[in-house]
Amino acid sequence: MVSPDCLFCRIAAGELPSSQVHADDQVIAFRDIAPKAPVHVLVIPRRHIPSAADLAVDDGPLLSRMVAVAAEVARHEGIADSGYRIVTNVGADAGQSVAHLHLHVLGGRRMTWPPG
Ligand code: 5GP
Ligand code: ZN
């Protein structure tokens, strides 16, 4: 369930520090170390799942919890009304650099579309 070589598993286990903004038995959220917007929080499952491509149908409750946590973080960070983006990158072309599922919650500035 936990991969010892995985950066985000180690953050979830508390082995590596992070600026945490949410924690429950299944999901944690912490600030991105290199923020791309005034608010940039990562929401991850404690369980090691490499990417959204590895979610099973039975993981629906976990995914909905992650999205609900993202919305809660957005409210807490004061960007719920102005708007925000929830992004998850899958694989090389999308720019995924950490192989542990994470939702980026980005807000506090105007976003461009389409993404680069
Ligand atoms: P990806 O590129 O996989 O979609 O997103 C990975 C994100 O993790 C990047 O935005 C990157 O800045 C962030 N990140 C990488 N290493 C760390 C770390 O050690 N701590 C935190 N808080 N964020 C990290
Ligand atoms: Zn992991």
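If you read the sequence from its start, that first residue is 1, and numbering goes on from there. If you're wondering where the values come from, they're calculated on a predicted model, not measured in any experiment. Read the numbers this way: they start at 1 and go in the same order the structure lists the ligands and their atoms.
Of all atoms in ligand 1, listed by their number and element, those nearer than 4.0 Å to a heavy atom of Val98 are 3 (O), 6 (C). With ligand atoms numbered from 1 in the order given, ligand 1 contributes 12 (O) to contacts under 4.0 Å with heavy atoms of Ala34. Against a heavy-atom cut-off of under 4.0 Å, Phe8 is close to the following atoms of ligand 1: 8 (O). Every atom of ligand 1 with a heavy atom of Asn89 under 4.0 Å away is listed here by number and element: 4 (O).
In Leu42, the part holding a heavy atom less than 4.0 Å from any atom of ligand 1 is the side chain. Proximity of Ser97 to ligand 1, defined as any heavy-atom pair under 4.0 Å, is shared by backbone and side chain alike. Residue Val87 does not touch ligand 1, judged by heavy-atom distances below 4.0 Å. When heavy-atom distances to ligand 1 are checked against a 4.0 Å cut-off, Ile33 comes that close through both its backbone and its side chain. Here Arg31 has backbone heavy atoms under 4.0 Å from ligand 1, and that is the only part of it that gets that close.
Residue Gly95 has at least one N or O atom closer than 3.5 Å to an N or O atom of ligand 1. Between His104 and ligand 1, at least one pair of N/O atoms sits closer than 3.5 Å.
Here the heavy atom of the protein found nearest to atom 5 (O) of ligand 1 is His102 NE2, 2.9 Å. In terms of protein heavy atoms, atom 10 (O) of ligand 1 is closest to Asp32 OD2, 2.5 Å.
Inside a sphere of radius 2.8 Å centred on the Zn ion (ligand 2), the protein N/O/S atoms present are Cys6 SG, Cys9 SG, His48 ND1, His100 ND1.
Across all their heavy atoms, Ala37 and Gly107 have their closest contact at CB-O, 3.6 Å. The shortest heavy-atom contact between Ala29 and Val73 is CB-CG2, 4.2 Å. Smallest separation of non-hydrogen atoms from Ile49 and Pro45: CD1-CG, 4.3 Å. Nearest heavy-atom pair across Pro38 and Gly108 is CG-O, 3.4 Å. Nearest heavy atoms, Pro50 versus Asp54: CB-OD2, 3.2 Å.
Using a 4.5 Å cut-off between side-chain heavy atoms of Ile, Leu, Val, Met, Phe, Trp and Tyr, Leu42 falls into a hydrophobic cluster with Leu7, Phe8, Ile11, Leu16, Ile28, Phe30, Ile44, Val98.
Evaluated by nearest non-hydrogen atom to atom 15 (C) of ligand 1, the leading choice among Leu7, Ile11, Leu106, Leu101 is Leu7.
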Audit row: Val27, Val43, side-chain contact (heavy atoms from CB on, under 4.5 Å) steps and yes/no: CA-CA 7 Å; Val27 172; Val43 179; 3.6 Å; yes

From CA spacing to verdict: side-chain contact (heavy atoms from CB on, under 4.5 Å), Arg46, Gln26: CA-CA 5 Å; Arg46 289 189 184 275; Gln26 293 181 47; 5.8 Å; no

Worked verdict on Tyr84 versus Leu106 for side-chain contact (heavy atoms from CB on, under 4.5 Å): CA-CA 6 Å; Tyr84 54 94; Leu106 296 148; over 6 Å; no

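The salt bridge (charged side-chain N to carboxylate O under 4.0 Å, His left out) contacts involving residues 17-39 comprise Asp24-Arg65, Asp25-Arg65, Arg31-Glu77, where partners must be two or more places apart or lie in separate chains. Residue pairs meeting the side-chain hydrogen bond (donor to acceptor under 3.5 Å, both in side chains) criterion with at least one member in residues 95-115, sequence neighbours excluded, are His40-His104, His48-His100.
The distance from the CG atom of Leu103 to the CZ atom of Arg85 is 14.5 Å, given to the nearest 0.5 Å. In this structure, Arg47 CZ and Leu62 CG are separated by 6.0 Å, a value rounded to the nearest 0.5 Å.
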